[in-house]
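Please read the structure below before turning to the comments.
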Amino acid sequence: MRFAKGHGTENDFVILPDPDGALDLSADQVARLCDRRAGIGGDGVLRVVRTAALEEPVTGTAADGEWFMDYRNADGSIAEMCGNGVRVFARYLLHAGLVDKGPITVGTRAGARRVEVEPDGDITVDMGLPEVLGTGAARLAGGEEVRGVRISVGNPHLACVLDRPVAGVDLSAAPELDPEEFPEGGNVEVVAETGPGTLDMRVYERGSGETRSCGTGIVAAAVAATGAAGTPATWRVRVPGGECVVFLDARGARLRGPAVIVAEGEVHPG
Ligand SMILES: N[C@@H](CCC[C@H](N)C(=O)O)C(=O)O
């Protein structure tokens, strides 16, 4: 099985080219590929499959693009959307010559996403309209309760804007969420405003643990920080793995940042 490895602000992925949909990828295989000691290592897997070759055809805008991002978390669970993943996915399509330069439409379980390469090499994705669902709370590993905003960016988030630096927040274990608020689980962001238009963020991702960046989480953080101030708004969001920029307006959110391919190779059977 061929693979590539890539990351967007150190949110890293094992990329599996599967244009004809020949791979039957189990949760166990995904977890083993993402294992940082016994496998290749990654926060998730991006299976690169032609939309027409999907074993279960998708509907709506998800079917719009030639290519579909089949995203899996490091524990093998399936997620609807991955903001850094879709930017790395587009970088891979270009790198592998599977698409020409220019805007690329990528199908995801949350619908189609339009991705563009900027003149400086950054990759920007149109993330659509984030949906604010209300308030919520999470209990952190040390027992502290943090409150935040429940936001869907295609996948579920609790974005908690704090009035202290995020560096000291205990994300050593999965924050506890209310199953009524998060029936499918969720991703938890802790966020601090560090200046006009700038945020620091850390994230605990559903299915992957604390990661060094999360594109959908960065968008959720920007939406939560904008709050009643309303759009348009632009936020530079610093995460442990780098920095992304979020542009918010009435049409939705765009996420811009670096996305790179770092290796290619072959996974040995077994
Ligand atoms: N890292 C991703 C989000 C991946 C999915 C998430 N863990 C979930 O289960 O919803 C991003 O960049 O958005």
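Keep in mind it's a predicted model, so treat the numbers as computed, not measured. We count ligands from 1, going down the list as the structure has it; atoms in each ligand are counted the same way.
With respect to E210 and R202, a salt bridge is recorded, a charged nitrogen being found less than 4.0 Å from a carboxylate O. Between R212 and E243 there is no salt bridge, since no side-chain nitrogen of the basic residue lies less than 4.0 Å from a carboxylate oxygen of the acidic one. Salt-bridge check for R37 with D35: failed, with every basic side-chain N at 4.0 Å or more from each acidic carboxylate O. A salt bridge does not link R72 with D43: every distance from a Lys NZ or Arg NE/NH1/NH2 to an Asp or Glu carboxylate oxygen is 4.0 Å or more. Note on D18 versus R2: no salt bridge recorded, every NZ/NE/NH1/NH2 to OD/OE distance being 4.0 Å or above.
Considering backbone and side-chain atoms alike, Y71 places every N or O at 3.5 Å or more from each N or O of ligand 1. Backbone and side-chain nitrogen or oxygen atoms of C214 are examined, and none is located within less than 3.5 angstrom of a nitrogen or oxygen of ligand 1. The distance criterion of under 3.5 Å between nitrogen or oxygen atoms is met by N11 with respect to ligand 1. Taking distance alone, with nitrogen or oxygen atoms compared against 3.5 Å, G83 approaches ligand 1 more closely than that limit. Taking only nitrogen or oxygen atoms, main chain and side chain alike, E80 does not reach within less than 3.5 Å of ligand 1.
Looking from atom 12 (O) of ligand 1 to the surrounding protein, the closest heavy atom is G215 N, 2.6 Å. Among protein heavy atoms, atom 2 (C) of ligand 1 sits closest to C82 SG, 2.9 Å. N187 OD1, 3.3 Å is the protein heavy atom nearest to atom 6 (C) of ligand 1. Protein heavy atom in closest approach to atom 3 (C) of ligand 1: E205 OE1, 3.4 Å.
Atoms of ligand 1 found under 4.0 Å from any heavy atom of N84 (numbered from 1 in listed order, with element): 11 (C), 12 (O). Listed by number with element, the atoms of ligand 1 under 4.0 Å from a non-hydrogen atom of N155 are 5 (C), 6 (C), 8 (C), 10 (O). The ligand atoms of ligand 1 that sit less than 4.0 angstrom from a heavy atom of N73 are 4 (C), 5 (C), 6 (C), 7 (N), 8 (C), 9 (O). Residue-ligand proximity, A79 to ligand 1, at heavy-atom distances under 4.0 Å covers atoms 5 (C), 8 (C), 9 (O), 10 (O).
Under the rule for a side chain to side chain contact (heavy atoms under 4.5 Å, CB included), the partners of D120 that lie at least two apart in sequence or sit in another chain are E118, D122, R256. Taking E176 as the reference, nothing meets the side-chain hydrogen bond (donor to acceptor under 3.5 Å, both in side chains) condition, with sequence neighbours excluded.
The local environment of CZ in R109 is crowded, with over 12 non-hydrogen atoms from other residues, nucleotides or ligands closer than 6.0 Å.
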For side chain to side chain donor-acceptor pair (under 3.5 Å), just list the numbers for T105 and W67, CA-CA rounded to whole Å, side-chain angles, deciding distance to a tenth of an Å, and then say yes or no.
-> CA-CA 8 Å; T105 300; W67 294 96; over 6 Å; no

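For the pair H157 and ligand 1, no heavy-atom separation below 4.0 Å is found.
The main-chain N or O of E184 is found under 3.5 Å from a side-chain atom of R206 such that the two form a donor-acceptor pair.
Of the heavy atoms in T216, both backbone and side-chain atoms come closer than 4.0 Å to ligand 1.
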